[in-house]
Amino acid sequence: MRIVTYNIHSGVGVDKVQCYARIGQFLASQNVDVALIQEMDTRSPERSIEDDVEQLCSGHFAQLIASPALQEASGWYGNAVLSRYPVLSKRTLDVSQSGFQPRNIQEVVLDTSLGPLRVINTHKGLKKQERRKQFALLAEYLREKMAGSQIPIVLGGDFNEWQFMTKAFKDIHQVLNENPVRATFPVAWPLFRLDRMWTSFDLKRTAEHSANISSISASVLKTPETRQFSDHYPILLDIA
């Protein structure tokens with residue numbers, strides 16, 4: 001199974017071209033099964049929401065599950081999950097902080113080839129004080145899910161944590177296992193690990209606890225395409 005987290009910058013690349021179709025086609029070319037998308041924007045009066053969704057799905061993904069942080073008459077802005085698998089359930093948890101841009105946690109449970117999988121997609125705030133509160137809410141949410149269900153979790157997103165020696169993820173690390181990768185932002189000269197992924201799989205335990213998973217690997221997906229399509233590089237998680 002191949003899962004990607006990708007901040008697509010409203011589909012606007014470093015070449016200033018807005019194009020969801022090329023992003024969708026690239027994800028299809030990489031045989032991605034699930035994509036956790038941040039900064040999808042369907043509010044342009046020059047495009048329809050339906051066309052934006054169709055272009056990003058690109059005939060490869062069965063559906064796009066939207067999780068708007070902002071909803072306007074012309075469309076929405078926020079997170080989305082692209083999936084080749086059927087959806088068992090979906091939920092959005094608002095973690096917005098007063099005086100800051102709206103943010104949420106998107107949860108989708110998928111019926112995958114490896115069994116049910118809970119994917120959690122999120123995009124955290126730009127300011128340290130709002131992120132700390134959002135991280136605490138996320139950690140509490142993860143603890144509740146781990147305590148109440150045996151469905152494995154994949155967490156990904158843009159966490160906007162700029163500090164190099166940060167302790168911001170301490171509580172999340174107590175719940176999930178991070179799959180660390182190199183810096184993802186900005187694409188011209190990557191310095192910051194804004195984008196991250198975690199899983200609940202523990203390969204040191206028995207197959208019963210690791211859902212018959214034998215290997216997990218994560219990498220920053222650096223290609224000629226991803227150097228152009230957004231200001232962030234995507235992260236690819238391979239689960240076998």
Quick one: [atom1] on [X] to [atom2] on [Y], what's the gap to the nearest 0.5 Å?
X: C19; Y: Q228; atom1: SG; atom2: CD; result: 12.5 Å
X: D52; Y: L64; atom1: CG; atom2: CG; result: 10.0 Å
X: R131; Y: Q134; atom1: CZ; atom2: CD; result: 8.5 Å
X: D15; Y: R22; atom1: CG; atom2: CZ; result: 4.0 Å
X: Y77; Y: L70; atom1: OH; atom2: CG; result: 7.5 Å
X: Q101; Y: K124; atom1: CD; atom2: NZ; result: 12.5 Å

Do [X] and [Y] share a hydrophobic cluster (ILVMFWY, side-chain heavy atoms under 4.5 Å, transitive)?
X: L110; Y: L236; value: no
X: M1; Y: V119; value: yes
X: Y20; Y: F61; value: yes
X: L117; Y: L36; value: yes
X: V220; Y: I239; value: yes

Sequence neighbours excluded, which residues qualify as side-chain contact (heavy atoms from CB on, under 4.5 Å) partners of [X]?
X: S74; result: R43, E72
X: V175; result: L142, R143, M146
X: S96; result: D94, P102

I need the single residue from [options] that forms a side chain to side chain contact (heavy atoms under 4.5 Å, CB included) with [X]. Which is it?
X: S67; options: V108, V81, T92; answer: T92
X: R103; options: L126, N79, L137; answer: L126
X: I120; options: V154, V109, L155; answer: L155

**OP:** Could you check K145 against E140 for salt bridge (Lys or Arg N to Asp or Glu O under 4.0 Å), going step by step and ending with a plain yes or no?
**Re:** CA-CA 9 Å; K145 293 297 176 182; E140 179 182 358; over 6 Å; no
May I ask you to decide if [Y]'s main-chain N or O and [X]'s side chain share a donor-acceptor pair within less than 3.5 Å?
X: T112; Y: L114; value: yes
X: R227; Y: V187; value: no
X: T42; Y: W76; value: yes
X: T184; Y: I235; value: no
X: S58; Y: H60; value: no
X: S10; Y: M40; value: no
X: E130; Y: K127; value: yes
X: R118; Y: E107; value: no
X: Q163; Y: E161; value: no
X: Q63; Y: R84; value: no

Got [X] and [Y] here, is their nearest side-chain heavy-atom distance under 4.5 Å?
X: K222; Y: P190; result: yes
X: L138; Y: V95; result: no
X: L237; Y: V4; result: no
X: E178; Y: H173; result: yes
X: D231; Y: F185; result: yes

Original post:
Should the pair F192 and W162 be assigned to parallel (<30°), tilted (30 to 60°) or perpendicular (>60°) ring geometry?
Top reply: perpendicular
Original post:
Relative to each other, are the rings of F229 and F26 parallel, tilted or perpendicular (30° and 60° limits)?
Top reply: perpendicular
**OP:** Give the C-alpha distance, both sets of side-chain angles, the deciding distance and a yes or no for side-chain contact (heavy atoms from CB on, under 4.5 Å) between N177 and F201.
**Re:** CA-CA 7 Å; N177 305 304; F201 301 116; 5.7 Å; no
Original post:
Which residue pairs satisfy the ring-ring contact (aromatic ring centres under 6.0 Å, His included) criterion with at least one member in residues 92-147, sequence neighbours excluded?
Top reply: F135-F169
**OP:** Would you sort out whether L56 and I8 count as a side-chain contact (heavy atoms from CB on, under 4.5 Å), showing the intermediate values?
**Re:** CA-CA 11 Å; L56 202 52; I8 60 172; 4.2 Å; yes
Please find the pair of heavy atoms, one from [X] and one from [Y], that lie closest to each other, and give the distance.
X: G75; Y: I49; result: CA-CD1, 3.7 Å
X: N104; Y: P68; result: ND2-O, 3.2 Å
X: V14; Y: S230; result: CG1-O, 3.5 Å
X: S200; Y: P152; result: OG-CA, 3.3 Å
X: S83; Y: I65; result: CB-CD1, 4.3 Å

Original post:
Linking Ile, Leu, Val, Met, Phe, Trp and Tyr through side-chain heavy atoms less than 4.5 Å apart, which residues share a cluster with V17?
Top reply: none
**OP:** Mind running side-chain contact (heavy atoms from CB on, under 4.5 Å) on Y85 and D111 for me, showing each step along the way?
**Re:** CA-CA 6 Å; Y85 300 116; D111 187 12; 5.6 Å; no
Original post:
Between T5 and Q38, is any side-chain donor less than 3.5 angstrom from a side-chain acceptor?
Top reply: yes
Original post:
Crowded around E54 CD? As in, over 12 foreign heavy atoms under 6.0 Å?
Top reply: no
**OP:** Kindly write out the residues that satisfy side chain to side chain donor-acceptor pair (under 3.5 Å) with Q106, not counting sequence neighbours, or none if the list is empty.
**Re:** N121
**OP:** Check whether the ring centres of Y6 and Y233 lie less than 6.0 Å apart, and answer yes or no.
**Re:** no
Subject >> Trace of the side-chain contact (heavy atoms from CB on, under 4.5 Å) decision for V181 with M197 >> reply: CA-CA 9 Å; V181 297; M197 298 191 82; over 6 Å; no
Subject >> Ion pair check, D33 and R2, cut-off under 4.0 Å >> reply: no
